Amino acid sequence: MKAASRIDRSLTRQLTFAVVLIAAATLSLIAGFTAWSMSRVDDHALTQQTGFANFGLNEVIKNLPVEQTSSTTWDEAVRRVREGDQAWMKDNLTVWMASYFGHDRVYVLDPKNLPVQSMKDGALVGSDSYAHDSAVISPLVSELRAKMQAASGTAIDSTAAITDLGAEDIVLFDGKPAIVSVKPIIPDTPALSQTPGSEYLHVSVRFFGTRLISQIADEFALGGAHLTLQPEQGFWIASIPIHNMAGKTLGYIEWNRARPGLDLMEEAAPALALGLFVCILLGIIVLRRLRRSAVALEASEAQAHYLAFHDTLTGLPNRALFEDRLDQALANVRGGNGRLALLCLDLDRFKNINDTLGHPAGDELVRLVAQRLAKTVREKDTVARLGGDEFAIIRLGIKSEQDAEQLAQRIADQMAKPFELMGTPTYVTFSVGIALSHGEETRRDDMLRSADIPLYEAKRQGRARYQLFAGDMDDVVRQRRRIESDLRGALASGAEIGVAYQPLFSADCTAIVGAEALVRWDHPVHGRLPPELYIGIAEERGMIEQLGEAVLRQACTYAQSSSLPWVAVNVSPVQVRGENFVERILSIVAATGLSPSRLQLEITEGVLLEDPETTNAVLAELRDKGIRIALDDFGTGYSSMNYLRRYRVDKLKIDRSFISELGQSGSARAIVGAMVDLGRALGLTVTAEGVETEEQRDILALIGCHELQGYLMARPMKPGQLNAMLEPPYVERQPLVHHLHEI
Ligand code: C2E
Ligand code: CA
Ligand code: CA
């Protein structure tokens, strides 16, 4: 029980983990994508800004000579410079350039390249200013003079040849970059002419100062643009280099880079945060719901588990748990921890109480008895209810037979007091069979049989008494050895092993839908032996495969030759786990010629317990071939629900013990009903076995059970008898209910 809820708790944890993981993955995906697109937008903006900045820079460089020519290509200018008209030059060529175009320095040079007028920062200055600047300007002046000379050659008038000539570059003045442009001063009409070499030159200088840069920055929205010689590298800063004609970098224009993606994020941040908050809130709500339903599932599973191990009427351990405890106790005994006593109790004439006082009184009595028994033993002992009015007690730490008898006497004393049923004191008596563990080899089945024998003996002797197993336990061991060797012989000869067929009916009992094959061993000395007696031995001693396959071969051969729709064969968990199980089954089926779709294999939950993966693979392979799988004795094993969820079977056979309680206790009907619902919900065929009364049959038909099997309709029979039942006139009689004698 603990293990199961631990598994479920880890399921809850896994579920939570998965949800959180998915949420985190989704969120980081969104965040990642957002960051990525943000940076894409920002990068794109940077490329655009850089493009604009370069374009603006080229524009101002290109514009400088154009601005010069507005004054230098002019007859008037040629005339006035020749005349040395300082005032005119100031108003049209130098100071005017500063005030109108923002040129920082202007020089007018005569044909010998000597300054005629010099202007600096909007004011006229002496010729020594040019002397200072000529270091960087004169290479350009010489370059232009050379070009002009080359272009005009031997012409009388140079004007036409030199109109478009000029020299410009970016240079450093005292470490500060500036654009320098040199243009010839030329006439704009044929009225004036100049001989080559007689031209005056006009030099304009523009620094990369605030005015020039803001001219670019204002046009293209480059915030905070300025000149720098050493650009910063930063998240918020961008720059372009300023090259001279030779490609040398003389400085940089730097500005605050636009980040529209980030701006957008900032604007959207509150909305995003709100969205995120809502998502997280929703996530938490969903998670809590999930947890709550997982907890509810756990609880219901724990309850199902409790139901699987406890008797609903009394709350005592049921047969499954009892067997488990007995196994454990016997293992302890083998470990040398004292002996144990098994007491099997049976209420005398319980049926009379049910018949005279009614079922509710019967239920009440069972409950009261359970309470008194539980009080009589210690915590570490086990009191279980095995069936209707059958109880069993496992008593640990027994030293002698007297100890066991004393306990039996104490129980008898307790039971001697009247039970209050329906307001009337009622006296009941008990028969008790007692067995003591003996030696190393005591097995659960041996113990149970050893307690059953004296129980029946007690009943036979007139009830209301306890009886100790008289025989020697060693007898039991010896008997097992004998069975083992007899079975070996029987399997070798093949003569004593036969198969009986018990038909299964549709819920309305009008048709035989199939039959279960049951092994029958006719012992030459002891006669017919019950399968329970030797199946376990065959399993333990390595004979179960031979036995099971003998039954399978006979059953398939019979089914192949008859009109039976299908035959079901029991397989032991030991067989399923054996090597080549699937191949062995398939080869037998193939050898008999039976269509696999007419074969069903009945397995018990025991087979599902170990190595679930292999088992699942085995089942899947068989089902692939068309063989159907039925889960036998459903409800007696361990947490059947879990297995049904995990394994794909075709059919459920609800165990006899549940069916036998139908009509006896109200809760049995609810439990069987729940099993049928569960089976139907999973799309399985639901079968009830051990149907003995009409009441049981009617209830089962009513609650939706598909197939019925039991002594009420038919006992296991010989093939010939089943053939007779399958013949048409027989089958069509309705309803088909037989009370044939068991073979
Ligand atoms: P089982 O698989 O639960 O088979 C049904 C048992 O219930 C059969 O007992 C059948 O005779 C009995 N039964 C059917 N209807 C009723 C009813 O209305 N009331 C009562 N009280 N019993 C009913 P059987 O033939 O004695 O077999 C007992 C068990 O032995 C089987 O239980 C099965 O577990 C095992 N067994 C039988 N044949 C084989 C076999 O070929 N291979 C293996 N591995 N096990 C087998
Ligand atoms: Ca069966
Ligand atoms: Ca069964």
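These numbers come from a predicted model, not from an experiment. Ligands are counted one by one from 1 in listed order, and the atoms in each one are counted from 1 as well.
Between the Ca ion (ligand 2) and the N, O or S atoms of D632, the shortest distance is to OD2. Atom OE1 is the N, O or S atom of E602 at the shortest distance from the Ca ion (ligand 2). The name of the N, O or S atom in E516 nearest to the Ca ion (ligand 2) is OE2.
In D633, the part holding a heavy atom less than 4.0 Å from any atom of ligand 1 is the side chain. With a 4.0 Å heavy-atom cut-off, ligand 1 is reached by the backbone of L518 and by its side chain too. Contact annotation: for Q709 versus ligand 1, there are no heavy atoms closer than 4.0 Å.
Without hydrogens or angle criteria, E661 side chain to F658 main chain gives no donor-acceptor distance under 3.5 Å. R325 places no side-chain N or O within donor-acceptor distance of the main-chain N or O of I394, the cut-off being under 3.5 Å.
A cation-pi arrangement is present between R715 and Y711, with the terminal nitrogen or guanidinium carbon under 6.0 Å from the aromatic centre and inside a 45° cone about the axis.
Which of R528, E532, E689, R656 comes nearest to atom 12 (C) of ligand 1 through a heavy atom is settled by distance: it is R656.
Within ligand 1, counting atoms from 1 as listed, the ones closer than 4.0 Å to a heavy atom of Q502 are 10 (C), 14 (C), 15 (N). Less than 4.0 angstrom separates some heavy atom of S572 from each of these atoms of ligand 1: 44 (N). Within the listing of ligand 1, atoms 17 (C), 18 (O), 19 (N), 20 (C), 21 (N) sit less than 4.0 angstrom from a heavy atom of E692. Against a heavy-atom cut-off of under 4.0 Å, V551 is close to the following atoms of ligand 1: 41 (O). Ligand-side atoms of ligand 1 in range of D632: 2 (O), range being under 4.0 angstrom from any heavy atom. Interface of V691 with ligand 1, defined as ligand atoms under 4.0 Å from a residue heavy atom, comprises 18 (O).
When all heavy atoms of E390 and D346 are compared, the closest pair comes out as CG-OD2, 3.5 Å. Here the shortest heavy-atom pairing between A714 and Q502 reads O-NE2, 3.1 Å. Here the closest non-hydrogen pair linking W521 and E496 is NE1-OE1, 2.8 Å. Closest heavy-atom contact between C344 and L455: O-CD1, 3.7 Å. When all heavy atoms of D348 and S431 are compared, the closest pair comes out as OD1-OG, 2.8 Å.
Residue P716 places a heavy atom under 4.0 Å from ligand 1. In this structure, E539 has no heavy atom closer than 4.0 Å to ligand 1. The closest approach between a heavy atom of E516 and any atom of ligand 1 is below 4.0 Å. G690 counts as a contact of ligand 1, since one of its heavy atoms falls under 4.0 Å from the ligand.
Between N570 and ligand 1, at least one N/O pair is under 3.5 Å apart. For ligand 1, none of its N or O atoms has an N or O atom of I535 under 3.5 Å away.
Between T592 and Q560, the side chains place no donor N or O within less than 3.5 Å of an acceptor N or O (distance only, hydrogens not considered). Between the side chains of D632 and T604, no donor-acceptor pair is found at a separation under 3.5 Å. Judged by distance alone, the side chains of R367 and T314 never bring a donor and an acceptor atom under 3.5 Å apart.
Under the rule for a ring-ring contact (aromatic ring centres under 6.0 Å, His included), the partners of Y558 that lie at least two apart in sequence or sit in another chain are Y501.
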